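Here is the structure we will look at, set down as structure tokens.
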Amino acid sequence: MPPNVAYGYFGPLTRVAVARWQTANGITPAVGYFGPISRAAIVTETNTPSNLSPSTEIDTPAALGMRANQVMLFRAFPFEVRSGDVISLDGSGFSKTINKIYFNDSNPVDATSTDGITLDVRVPLILSEGEYSLSVSNTLGSSNNPDIAIAIKVMNNPRSGPIIENASIVGDTVTLTGSGFTSANNIITTLGNSSGPISSDGVTLTFRITELSMYNEIRRFTLGNYKVAFWIYVENEHGANKEPYKLEIMI
Amino acid sequence: MKKKQFIVTAFSLILIGLFLPISSARALITEDPFGGIVSTSIRCTCSAGNRWIWFTPLYLGGPVVIAGPLIYSSFSTTLYADLNIAVSGKWHIGDYRPGRACWIRVRWFCLPLPSLGLMTKVGTN
């Protein structure tokens, strides 16, 4: 077997490597077998502060599947708020001890996160009406990303974003009932997005799943034989529903 | 006499085994197996490096065969041969952990695009 390849087999090459490590760590006899003395040495070595991960990794847990050691901001909810309201931030790499949340790169507010992925912060009373881009800074750096601007709108009379209370499907037509729908709503689903804004009377919203951007691409594999979870968001100028509405459909 | 002793011992071991607590290692396992063929995929525009992959069919180890999405993360999914991740028509097999891991860009914010979970390891043909 060639050296430096992990076969999961303890052979002569591994034994020589262990012996070399034992010699380097003052373990005698350096015979190449991993016994209680070597085990104690490993435990001591891995518990030495210089070999621990930086404390920032423990203080700033990453969200599932996200890059560690990077602070990321995905969403502030709700979108429209009054100054003084509490908003909830979703992201990754938030610190459990200290984060600074900036509104248009100024008016920093301190906040802590219990889980590294959510953060509650009060909008400063000093903010006047307008749209504010948010960023989070901590020991990992800043969440600022030129491609993704996470914003809130400070208003004296904020409106709630869309809320889906019920959904039904007849043929390929989906009807949503709820509140906060406007004259221009975008549909975002697990079968793709609507091709353009869809009008609503405020409480009902109708669209066709066959017109969603990924419907045909997925349907050519499923051929109408599969029951799938169809998750729906409605987004408009006042925000989007925080959690998707789930509908079981055949596709 | 020896036969009787054997039966008593075996019965005692079975009883002890029945009342042993589930080991902590087993209780911590939250991964489930999956296998399926890729239909299509999209890039998670807010969580760069992650990919939302739709499978048809998707086998999750139960009696019902479904179709649906899982997430591949270049930061936390261990990828095995033949490395054809998200290639349409390729079989994928591995483990996944339930949870949200794909965020997509929508005007002033990002939305978590639902899926069955994050692949922790995956191999492809």
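Below, chain A is the first sequence line, B the second, and so on; all start at residue 1. Only heavy atoms go into these numbers, but all of them, side chains included; no hydrogens, no water, no symmetry mates. This structure is a prediction, so every number in the text was calculated from the model and none was measured.
- Among the candidates A:E235, A:E217, A:E131, the residue making the largest number of heavy-atom pairs closer than 4.5 Å to chain B is A:E235.
- Minimum heavy-atom separation, A:L64 to B:A101: O-CB, 3.5 Å.
- Proximity of A:W231 to B:S115: side-chain heavy atoms (C-beta onward) are nowhere separated by under 4.5 Å.
- In this structure a side-chain-to-backbone donor-acceptor pair under 3.5 Å is present from B:N50 to A:G65.
- The shortest distance between side-chain heavy atoms of B:P112 and A:R75 falls below 4.5 Å.
- A distance-only check finds a donor-acceptor pair linking the side chain of B:R105 to the backbone of A:D147 [under 3.5 Å].
- When heavy atoms are compared at a cutoff of 4.5 Å, A:S92 does not approach chain B at all.
- In this structure, the side chains of B:I42 and A:M214 come closer than 4.5 Å at one or more pairs of heavy atoms.
- Of all the listed residues (B:C102, B:C44, B:A67, B:G99), the one sharing the greatest number of non-hydrogen pairs under 4.5 Å with chain A is B:A67.
- Atom CG of A:D90 and atom CG of B:L111 lie 10.0 Å apart (nearest 0.5 Å).
- Listed here is the closest heavy atom pair of A:T190 and B:P114: CG2-O, 3.8 Å.
- Residues in residues 81-109 of chain B take part in these ring pair (Phe, Tyr, Trp, His ring centres under 6.0 Å) pairs, two or more places apart or across chains: A:F74-B:W103, A:F79-B:W108, B:F55-B:H92.
- Ranked by heavy-atom pairs under 4.5 Å with chain B, the first of A:L223, A:I218, A:T222, A:L134 is A:I218.
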Verdict with supporting geometry, A:F221 and B:I37, side chain to side chain contact (heavy atoms under 4.5 Å, CB included): CA-CA 10 Å; A:F221 292 96; B:I37 303 174; over 6 Å; no
